[in-house]
Amino acid sequence: MTRAWVEIDLDALCRNGAAVAARAGVPLLPMVKADGYGLGGLRAALALDRLDPWGFGVATVHEGDELRRGGITRPVIVFTPILRNEIDALRRGDLTPALGDPAVIESWARTGRPWHLQIDTGMSRAGMRWDLVAEHRALLARARPDGVFTHFHSAELDDASRDEQEQRFAQALAALPDRPALVHAENGPAVERRAPSRWSVCRPGIFLYGVAGFEGGAIAPDPVVSMRARIVELRTIRDGESVSYDATWRASGTRRIATVPVGYADGYQRSLSNRGEALLAGRRIAVTGRVTMDMTMFDVTDTDADLGDVVTLLGRQGDDVVTVSEMATRAGLSPYEILTGLRLRLPRRYAEGAREVVAA
Ligand SMILES: *Cc1c(COP(=O)(O)O)cnc(C)c1O
């Protein structure tokens, strides 16, 4: 019997992808980097493949190779800058780099293979500055990119930054010798904010995995991930007795405490200590004391909890749901950290078309 596991609803993932594609009105370039935001990059890509996406986005050559080994044949873009000594590895994997550095562009161009030009319009992270494109026009005429894109730094906010970034992007596009076949800019929150897309493809990430960029958007994602664990011990403690490291929680009166075999090494964040809430048989139960590496304790005083009962730490149980966003708020973290923090120690159970597939 599995003691603790993560469930991933691949049908919900695809519904979320279809909702973004319908709203944007352009094909998807789903971001499956960081192992599909912690939910399994290859599994996510194989499931999303049926939406006929343009291609997939990853962060590293290693992640791209995993998709190729798993049978993904569509274009795969590596979105972090590559070093020149990685060029051979990208060729071997049939991966498409996102480039911004003139020297690396020069070297890649000798391969004659496709690449995308990244324009830095204000994120100051990767890509060629928008106001330097004109200066590199000769290079870009020799080494023509197949695609050009930028990335919004605050798409989830309703501020003027997007307009400014789009103006800079337009300026960069105008400075190119010609317009590449593919032009893209939007992440998930950008599509939630404004549609239809003005570009050729869109690049959603977190929305696919069940998290909205902000409250009250035009489309809402279905939850994709749940974390569940069985109660492995129960004890009754007396007034004033403490629970867990550093004794940060003390019982007022007699309390019943349940131990579940999930801790911060599984991605149940330590900052949920004394703050997290979980679901048990239709009720909310609270974390008592520090979350430890392998175990977390809950106050189950007002329940009839038994050994082996399933606690839902993340996801839906009955009529209630602990969303990734709720967990992130309680933990004082971003939803991106909650998802990518889900660790491989927990077995993953994938559900697709009412079938359940258990994978380690
Ligand atoms: C991660 C990433 C995305 C997806 O962002 P979300 O906020 O998860 O939708 C899109 N484009 C680039 C370049 C990224 O790095």
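Note that ligands are numbered from 1 as they come in the structure, with each ligand's atoms numbered from 1 the same way.
- Hydrophobic clustering keeps L208 apart from F152 (ILVMFWY residues linked when any side-chain heavy atoms are closer than 4.5 Å, directly or through intermediates).
- Between H136 and W130, the ring center distance fails the sub-6.0 Å criterion.
- R238 and T254 share no donor-acceptor pair across their side chains, judged by distance under 3.5 Å alone.
- Scanning for salt bridge (Lys or Arg N to Asp or Glu O under 4.0 Å) contacts around R203 gives an empty result, with sequence neighbours left out.
- Checked against side chain to side chain donor-acceptor pair (under 3.5 Å), R194 has the following partners two or more places apart in sequence or in another chain: E166.
- Within 4.0 Å of ligand 1, the residues that place a heavy atom are M31, K33, Y37, F79, R125, H151, N187, G188, P189, R203, P204, G205, I206, Y336, listed by chain and number.
- Residues passing the side chain to side chain donor-acceptor pair (under 3.5 Å) test with Q167, sequence neighbours excluded: none.
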